[in-house]
Amino acid sequence: MKKNDPWPWPADTQLERARRIAASYRTALLSVAPDLCAQLDAKAVELGQGWVKPLETDIADLDEMLSAEQIAGILFVEPRTVRMWGYRGHIERLDDDGKPRYRLRDVLDYQARTRLERTA
Amino acid sequence: MSDNPNHECRRGRRCKSRVKTAAGTFHGALIDRPDALCRLCEDSAFEAIRELGEDYAGLCCYRFEDRSQSQGPKVGGTNPNPSIPVALGVDALMARIDDETLRWALRITRGDPVPDHHVLRVRACVATLGANLGTLVDLPKRRLPTLLPHPDGGDFLGLEEMDGVDAVLRLASFHHRAQTLMGEVETITWQRDPCPHCGRKALAASKDQEYVSCKGCGITWDSAHFAQLYNILDFERKVARA
């Protein structure tokens, strides 16, 4: 973190800063041209950049046990990153019939902890 | 971490307020009373039990819904293992909800009469349980008759030791199973930003997009206030700061 960083959210990584700026542009576009915004959203999702818009999901319970792929889809990280967090013991890996499952709350807690460490 | 495992939440590593030790293992939250649930797990289970009457009524309707595929595969002969035209999973769950709610309601009311019709009976039992959840969770351990799986297949009537916490967890699990069976899951909109309070990326917008709340810490903002916290084009805040 730079000493006199004017960015209001100092814990943000460079990627998060870029995404937050993109989200601001999207919000502005949505308010003046919703159709155009929807077109761009669809194109971005088609190109594998689903992070650009809020995610609609039926997963409402943070204690739900999910696969690495499901968590990756929600948090927009690589599934192998989730598996690596489990392998390194940052999040608990709970096997369900031989399939590794992770609790969404653990992943969110781990991300929040690392975010807090960046500001410390 | 407590040396006595009885002072951990009975849900163990599946506890909602579980803690991680230095060794990396997860344990249930510490509680004052032995063999009980932590506050979060208890509240969640109580909430689920209160929904059981509605779940049962929903399962009744769901049982008769037509879920057959209008365009199945082309029939090329007689299927040696034809599918059963009855929703057995739904029937089994309904029977278990009926049995268990009746069993625990009778233990609380000490044998008060209940309606004969199954829907009314479940509703009455859930109402009794809902009004006496504190009593239910504190029931002492007893050996109760229950159907147990027979090693050679089928079930047999045996005795199982259960206390109030077992009852609460079992009844709550029926709610979750009913929701899963009926596919009644709420669709929510997840924001990509971290919560300004707890830092978890668990922000969800309400259906009408009027409010944003954090599923991690439970704080709620109205959308205008949330935009002030998050939008870079927040001119008002810049002006206020200047």
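Residue numbers start from 1 in every chain, and the chains themselves are labelled A, B, ... in the order their sequence lines are given, proteins ahead of strands. Here the structure is a predicted model, which is why all the values come from computation and not from measurement. Values reported hereafter were calculated over all heavy atoms of this structure, with side chains retained and with hydrogens, waters and symmetry mates removed.
- Between chain A and the residues C15(B), C195(B), S44(B), C198(B), the most heavy-atom pairs under 4.5 angstrom are made by C15(B).
- Ring geometry, H150(B) versus F156(B): the interplanar angle exceeds 60°, so the pair is classed perpendicular (tilted spans 30 to 60°).
- Within the structure, salt bridge (charged side-chain N to carboxylate O under 4.0 Å, His left out) contacts touching residues 65-76 of chain A (residues at least two apart or in different chains) are E69(A)-R83(A).
- Considering only residues two or more places apart in sequence or on other chains, R33(B) meets the side chain to side chain donor-acceptor pair (under 3.5 Å) condition with D138(B).
- Partners of A33(A) by side-chain contact (heavy atoms from CB on, under 4.5 Å), not counting sequence neighbours, listed by chain and number: L29(A), L36(A).
- Defined by atom type and a distance below 3.5 Å, a donor-acceptor pair is present between the side-chain atoms of H27(B) and E8(B).
- Heavy atoms only, all atoms of each residue included: R103(A) and L62(A) are closest at CG-O, 3.8 Å.
- Contacts with chain B (heavy atom to heavy atom, under 4.5 Å) involve these residues of residues 48-55 of chain A, listed by number: G50(A), W51(A), K53(A), P54(A), L55(A).
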